[in-house]
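Following: one structure in structure tokens, then a few remarks.
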Amino acid sequence: MEQDAMMTPIALYLRLSSADGEGAESGSIANQRTYLHRWAEENGFRVVAEFQDDGYTGTDFERPGFQRLMAQLKNGRIRCFATTDLSRLGRNCGQALTLVEETFQRLGVRYIAVNDGYDTGKMSRESLDPSVFKFLLNELYAKDCSAKVLRAKRTLQREGKFLGGQAPYGYRIDPADKYRLLPDEETAPVVRRIYHSFLAGQTLGQIARTLEQQGIPSPAARRAGREGGAWSTATLRRILTLPTYRGALTQHVTEMTSYKVHTRRPVPPGQWMVCENTHPPLVSEEEFRQAQALLGRRRYASRTGEHALSGLVVCADCGGRMYPHRVGGYCYFICGTYARNSGQCSAHRIREDRLEQLVLERLRPLMQCAAASEQLARRLCVDLSFDQTAPERLQQKLDRLAAQRRQAYADRLEGLIDAGEYAIVSARLRKKEEGLRCLLQRQTKQKTGPDLEEMRKRAEDLLELKRPNRAVLGRLIRKITVAEDGGVEIYCSFARPLPGDGCDNGAEKEINTNGAIF
């Protein structure tokens, strides 16, 4: 006891980078501990505390174990600590030097790096501190390792290997191949539904509210294991723009700021690493292309809401967007370039109602020869049935909520939670159950699916374009150009009909080989 009292109290700090090894407590950490304990005993030190960071890089000092050590140093409970070498303290030269030359000196802390023979308690103030060169070499080593790891990672990404720790929403990691994605049975239908709803004309806000009302967990809530959760338009936009969902693995969407600053920043889409045909797609190439076209178009509204030709009309001469301007009782599309600077282009003015009528008259014969109403009606029935939430899934959620309520009641009886906590948990679960039961009842009433006759009428209206909307025209038309003399060209999103396809009105003759009609 007397001998222990005479020994100097010391703490040990152990660190291992995630690049150095794997395991809950790797062998390297164990080796550091064994070595430092033996050294302390042989040199008259008594170990009073240990701090460790297993799997943390030395270029960042925001490490939990090191922060706990710093708290003890600042409150004076620890006056001396040791590491096996200087690199265990850190590999950021500037921050490490600040610690040993300023912070530890100010706090009166003695720091020892055993293998490097470094001891601030024995350093001469008149000689050059050798730690400067050691810390610099350690940082250069970290930089070199970071570059090698990054090169290896980029090589695997170029080969189409998935390197994320968690699969994108809608997918799961193949248990037989950790580098490959497979559709997730539970979330893949949600992704398809998001695309289907967006292409059908719903806004991102409308889609988000619908998903929330139906209790579908957002990606963040699903990762946290929570029910429900708010869907943001940013999340939906990401799903609608990520090529991964059309079967092209997309990585390097974000990147680390630097090997020393471990915050992530977004990467411009042009620099994403996209590998084609690496896994099963959730949406077709055409659906993905249409989603990009709709997202990229600037929209505007008329007096009665968003106009059917929103974002589709462009100037034939300068290529700029044409926007509506109300003059008296009429609304005219006018070249946006001319509106900003009349010297750069001319007005290309055309009345809004006349342009809409012209477009509809010229699209109707093409629509009617492109598909039969009976065929389209059956497709609409399938699409609407697909858009419904499966009653089986709703029942499974109800069963899970009921099991949670039973478990909460058992916890109450065992005294794990008090009466007030049980009342709060039970009320929350019952509210969720009530909402799901209402939804299940509505789905059960509709289980027979949409009426075919009703869908046939809707198909006829659609093919005749009786009630055109932005979603319909946006999927049919790539752009409409208006010339100064009033000439109009319509560029379609579909291939031109072939002779003999049933178009007797000569409409196929009006389609140029470049996709423009009229």
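Reckoned from all heavy atoms, side chains included, excluding hydrogens, waters and symmetry mates.
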### Summary
side-chain contact (heavy atoms from CB on, under 4.5 Å) filter on Lys74, not counting sequence neighbours, yields Met70, Leu107
### Task
Using the test side-chain contact (heavy atoms from CB on, under 4.5 Å), find all partners of Gln67 that sit at least two apart in sequence or belong to another chain.
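Partners of Gln67 under the side-chain contact (heavy atoms from CB on, under 4.5 Å) test: Glu62.
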Do [X] and [Y] have side-chain heavy atoms sitting under 4.5 Å apart?
X	Y	value
Phe104	Leu73	yes
Val314	Tyr491	no
His279	Asp174	no
Leu89	Val100	yes
Glu50	Gln32	no
Arg180	Pro280	yes
Phe162	Thr278	no

Is the side chain of [X] donor-acceptor paired with the backbone N or O of [Y] at a distance under 3.5 Å, no angle test?
X	Y	result
Glu287	Tyr195	no
Gln290	Glu285	no
Gln72	Arg68	no
Thr250	Ala248	yes

### Carboxylate-amine/guanidinium contact Arg289 Glu286, below 4.0 Å
yes
### Task
Could you pull out all residues at least two apart from Phe66 that satisfy ring-ring contact (aromatic ring centres under 6.0 Å, His included)?
Tyr13, Phe61
### Pairing residues for Trp39 by the ring-ring contact (aromatic ring centres under 6.0 Å, His included) criterion, not counting sequence neighbours
Phe45
Under the rule for salt bridge (Lys or Arg N to Asp or Glu O under 4.0 Å), what residues qualify as partners of [X], not counting sequence neighbours?
X	answer
Glu212	none
Arg110	Asp119
Glu276	Arg246
Arg430	none

For [X] and [Y], work out which heavy atoms get closest and say how close.
X	Y	result
Ala11	Val48	N-CG2, 4.4 Å
Gly320	Thr337	CA-OG1, 4.2 Å
Leu249	Leu181	CD1-CD1, 3.8 Å
Tyr323	Gly336	CD1-CA, 3.8 Å
Asp85	Ala113	C-CB, 3.8 Å
Val109	Thr120	O-OG1, 3.8 Å

### Task
Would you please test Phe81 and Leu12 for side-chain contact (heavy atoms from CB on, under 4.5 Å) and show each step?
CA-CA 5 Å; Phe81 80 98; Leu12 305 179; over 6 Å; no
### Query
Would one find more than 12 heavy atoms of other residues, nucleotides or ligands at under 6.0 Å from atom OH of Tyr338?
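No.
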#### Entry: Summary of ring-ring contact (aromatic ring centres under 6.0 Å, His included) pairs that have at least one residue in residues 206-241, sequence neighbours excluded
Tyr169-Trp231
Please report the interatomic distance [atom1]([X]) to [atom2]([Y]), rounded to the nearest 0.5 Å.
X	Y	atom1	atom2	value
Gln52	Arg33	CD	CZ	5.5 Å
Ile112	Tyr118	CD1	OH	11.0 Å
Asp184	Ile173	CG	CD1	11.5 Å
Thr233	Arg238	OG1	CZ	14.0 Å
Arg46	Glu41	CZ	CD	13.0 Å
Lys479	Arg321	NZ	CZ	9.0 Å

### Task
In sequence, state the C-alpha distance, the side-chain angles, and the governing distance for Gln251 and Lys161, and then conclude on side-chain contact (heavy atoms from CB on, under 4.5 Å).
CA-CA 9 Å; Gln251 300 183 98; Lys161 307 289 188 182; 5.7 Å; no
### Query
Where do Val114 and Thr84 land on the side-chain contact (heavy atoms from CB on, under 4.5 Å) test, with the steps shown first?
CA-CA 5 Å; Val114 179; Thr84 55; 5.7 Å; no
Return the set of residues passing side-chain hydrogen bond (donor to acceptor under 3.5 Å, both in side chains) with [X] (not counting sequence neighbours), or none when no residue passes.
X	value
Ser342	none
Tyr35	Asn115
Thr83	Tyr111

### Task
List the steps, then state whether side-chain contact (heavy atoms from CB on, under 4.5 Å) holds for Leu211 with Ile194.
CA-CA 9 Å; Leu211 295 173; Ile194 289 170; 4.1 Å; yes
### Message
Taking salt bridge (Lys or Arg N to Asp or Glu O under 4.0 Å) as the criterion, tell me which of Arg63, Arg88, Arg15 meets it with Asp53.
### Response
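The option that passes is Arg63.
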